[in-house]
Structures are given as C-alpha cells and as structure tokens.
2 protein chains.
Amino acid sequence: MAQAAPDATLRRFSGYGMKRAFNGIQADLSATLQPFGLRMVTFSALVVIHDNPGLRQTRLAGVLAIERPNLVAILEDLERADLIARTRAETDRRAYELSVTAKGRTLCQQAMAAVVDHDRRMTRGLSADESATLQKLLRRIEGNGRTPHDRRKISRA
Amino acid sequence: MAQAAPDATLRRFSGYGMKRAFNGIQADLSATLQPFGLRMVTFSALVVIHDNPGLRQTRLAGVLAIERPNLVAILEDLERADLIARTRAETDRRAYELSVTAKGRTLCQQAMAAVVDHDRRMTRGLSADESATLQKLLRRIEGNGRTPHDRRKISRA
DNA sequence: TATTGTTATACTCTATAACTATA
DNA sequence: TATAGTTATAGAGTATAACAATA
C-alpha cells in the first residue's frame, strides 16, 4: 500500500487543486505570451477590446473583474505598443472608447493561435467532453465564490 | 437570441475559467481564515506540518511548491503565534524539524472545520461525483503545466 | 563541494482612497 | 451629486542571487 501524499488533506479541497493546476497554467501561459510582449492580463484586455470595439474602460474592468485603477497601466502598456487606441466618446467627453489598431489586430490573432496551442498542451489527456465538463464545473464554482469587496460575514465554525 | 458574452473568446480557454473560479474561492477562503489569524499559505503549511511531524523546511517548500526563501516568513508567522515549533535535527544540525504545538493542533482542527464548510459553499450545486471529477481533471492539468523555473522554449506560433 | 536555512531584493498583482474633469 | 478615468499607495505573493553554518 502506498504512503499517503504529504498534502493529502489539502487535496480534498477544490481550491487547493485549482491553485496547483492554475500555477502550472500560468507559468506556461506567461512563457507563451512573452515573445509577443504580452502578459496574461494585457492579452485578456486586448482580446476583449478586439471583440468589443468601442468598449469603455469601466465596462472592460467589469468584464475582466479587475479594479479600474489597475486597468490604467494595462491600457498604457497596450497603447504604448500601438496595439489599441483610445478615442474620446462624442456623447460623453469623460469616457474613452477603446479599439484595436491594425497592428493590434495582427498581434492579437498571432497570440491567439499561440494561446490555443498552449491550451491544447494544458488539456492534453483530456477528451473534448472532459474539457467541456471542466469548464462547466468551473463556471458553477465561480458563481458560488465571492468578489473581493464582498463583505458578507462568515461564522467562525 | 442572446448576445455573446463580452469575454466569450477567453471563456474557451481553461486557464481563464480557472482563474475566474479561483478568484472567487480565494476571496471566500481568505475571509474564512481571517478569524483564525491565518492566510491561505499559512493554513496550508500548518496542515501539512500537522500531518507530517518532523518535516524539514526544504521538503515542506517542495510539497507546497513554494520557494524556500518565501517559506521563512510563513514559518515565522506560525511560530510567533505559537502554532508550530522548530527543533534542530539531531542528525543534521543545519536542519529544523517542524511540528505543531498543542495550541496549533487545536487551531488547525477548528480552521479545518471552517475550511470544510467553505469548500461545501464553493462546490454547492456540484454532486459528489462532479466534485471528484473536477479534482481528477485538475490533477491531470497540473501534470501538464510547468514549474516557474522551467525554461523550456515555446515556439512563437 | 553541496545542502539547510537565511537575508536582501525586486517585480507582479491587486485593493483602496482621493483627486480631476466632465455630466 | 454622480460618474469616467486617474494618481498615489500599500499589501500580498513570489522569484532570484548570495550568504553563513554545517555536512
């Protein structure tokens, strides 16, 4: 009989397995995106802007579940690399409408291909059905979680 | 027909769904552990030491997949709270053997109960079979990932 | 020489408060 | 007053190089 793994107790928790799995993904994804000058979060922003031209910053922050202040540096990154453009909204001069430049579109497509490849590596050994099941289960868990500002009380045992 | 979600493209990637789900778990788990004066990583360390008395620091770092230098502050946290003890190994005076104090054992059990509760909240809507499937799939993905120091090259598209 | 634990350090990610300019 | 974007800042988390003590 095999000796129990040293972290067997933690392995019973869904969060632990998820963190361990995500760490591996993150390392591979970061390495995948580096040749494109992108980080995980700049890639995500670029893709969402690509798919939703005219998007405003506050909305983008909401979609990606990041705080507005943190988005500023991200968009500066993308703008400095000439991948996106910010144009003042005509109807509301406080807001910017985000769009992808020609250069951004090209890079987005190339990076997408590399990330599709990355995702195939990460899900190696999983059937298409299993991958779909995984996504479905993760989505349900996401709905059960809380957002950082969520101050619901938790009773101490 | 419903409009596609703004992040529909990203939702196809397993890493994105995993990050979103884990964010929700992390926020809830941090709130769960706060009353015990524990963070995710100090809780993990406490549990592993509890289950593996006599463990050395280098080994613990390996088990939890964290860097040795980062473990130092974590163990100082636990030691200052009188939850663990470090005793010089008799056979190797460079090394410490880690163990849980009586106070640590009690807190570990209380925190465990709270985390079991937390995990039930997070997996609400999942059957026991589905939870097990999730763990199994995450474990396979973990094996496909890379470790941070892993410098394997990735071809650019 | 190699290993255990440590120090110092730096970089990323992320959360909050408060500001500005418009509305 | 409220909202869009911004600035400043602070706290985690985490990675690397280099050191002292011991093997």
Side-chain angles (χ1 to χ4, degrees), chain A residues 15 19-20 22-24 26-27 29-31 33-34 37-45 49 54-79 84-98 146-151, chain B residues 15 19-20 22-24 26-27 29-31 33-34 37-45 49 54-79 84-98 146-151:
Chain A
K19 182 166 174 47
R20 297 292 297 241
F22 182 69
N23 279 352
Q26 182 168 34
L29 181 54
S30 295
L33 290 172
Q34 196 182 347
L38 295 171
R39 292 171 294 143
M40 273 179 20
V41 68
T42 52
F43 170 74
S44 297
I49 296 169
L55 197 69
R56 312 268 174 97
Q57 293 188 194
T58 297
R59 183 85 200 292
L60 176 57
V63 169
L64 293 179
I66 65 185
E67 297 301 318
R68 270 76 40 117
N70 296 328
L71 190 58
V72 176
I74 294 165
L75 295 179
E76 267 170 13
D77 254 35
L78 293 171
E79 200 176 24
I84 66 162
R86 299 197 249 202
T87 42
R88 280 285 179 198
E90 291 184 1
T91 61
D92 184 344
R93 290 196 345 214
R94 291 171 304 181
Y96 286 114
E97 292 180 344
L98 302 170
R146 54 162 65 192
T147 148
H149 2 269
D150 190 347
R151 299 223 187 287
Chain B
K19 181 164 174 49
R20 297 292 298 241
F22 182 69
N23 279 353
Q26 183 168 37
L29 181 53
S30 295
L33 290 173
Q34 197 182 348
L38 295 171
R39 292 171 294 143
M40 273 181 19
V41 69
T42 52
F43 170 74
S44 297
I49 295 169
L55 198 68
R56 311 268 175 96
Q57 293 188 194
T58 297
R59 183 86 201 293
L60 176 57
V63 169
L64 293 178
I66 65 186
E67 298 301 319
R68 269 77 38 125
N70 296 327
L71 190 57
V72 176
I74 294 164
L75 296 180
E76 266 170 13
D77 254 35
L78 293 171
E79 200 176 25
I84 65 162
R86 298 197 249 202
T87 43
R88 280 284 179 200
E90 291 184 1
T91 61
D92 184 342
R93 289 196 345 214
R94 291 171 303 182
Y96 286 114
E97 291 179 346
L98 304 169
R146 55 161 65 191
T147 148
H149 2 269
D150 190 347
R151 300 224 185 286

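The interatomic distance linking B/E76 (CD) with C/dT6 (C1') rounds to 9 Å, in whole Å. Rounded to whole Å, the distance from CE on B/M40 to P on C/dT14 is 13 Å. Between the CZ atom of A/R146 and the P atom of C/dA15 there is a distance of 13 Å, rounded to whole Å.
For B/N70, there are no side-chain hydrogen bond (donor to acceptor under 3.5 Å, both in side chains) partners two or more places apart in sequence or in a different chain. Qualifying side-chain contact (heavy atoms from CB on, under 4.5 Å) partners for A/T147, counting only residues two or more places apart in sequence or in other chains: A/H149, A/D150. A search for salt bridge (charged side-chain N to carboxylate O under 4.0 Å, His left out) contacts involving A/R93 returns nothing, not counting sequence neighbours. Residues meeting the salt bridge (charged side-chain N to carboxylate O under 4.0 Å, His left out) test with B/R39, sequence neighbours left out: B/D77. With sequence neighbours excluded, the residues forming a side-chain contact (heavy atoms from CB on, under 4.5 Å) with A/R86 are A/Q57, A/L75, A/E76, A/E79, A/Y96, A/L98, listed by chain and number. Applying the side-chain contact (heavy atoms from CB on, under 4.5 Å) test to B/A85 and every residue at least two apart in sequence or in another chain returns B/S99, B/T101.
Residues A/L78 and A/L38 have side chains in contact (heavy-atom distance under 4.5 Å, counting atoms from C-beta outward). In this structure the side chain of A/S30 reaches within 4.5 angstrom of the side chain of A/Q26, judged on heavy atoms.
The side chain of B/K19 contributes no N or O atom lying less than 4.0 Å from OP1 or OP2 of C/dC13.
The two residues B/A45 and B/L60 have their closest heavy-atom pair at CB-CD2, 4.5 Å.
Along DNA chain C, the nucleotide nearest to B/N23 and the one nearest to A/E90 differ in position, and the one closer to the 5' end is contacted by B/N23.
Annotation: salt bridge (Lys or Arg N to Asp or Glu O under 4.0 Å) contacts involving residues 54-63 of chain B, sequence neighbours excluded, comprise B/R56-B/E97.
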Between protein and nucleotides 8-12 of chain C, what N or O pairs are separated by less than 3.5 Å?
none

Polar-atom pairs under 3.5 Å, protein N or O versus N or O of nucleotides 1-5 of chain C: list them with distances, or write none.
| from | atom 1 | to | atom 2 | distance (Å) |
| --- | --- | --- | --- | --- |
| C/dT3 | O2 | B/R94 | NH1 | 2.4 |
| C/dG5 | OP1 | B/Q57 | N | 3.3 |
| C/dG5 | OP1 | B/Y96 | N | 3.1 |
| C/dG5 | OP2 | B/Q57 | N | 3.4 |
| C/dG5 | OP2 | B/T58 | N | 2.7 |
| C/dG5 | OP2 | B/T58 | OG1 | 2.8 |

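Annotation for A/R88: atom CZ counts as buried by contact number, over 12 foreign heavy atoms lying within 6.0 Å.
Along DNA chain D, the stretch of nucleotides lying under 4.0 Å from any heavy atom of chain B spans, 5' to 3', D/dG13 to D/dA23.
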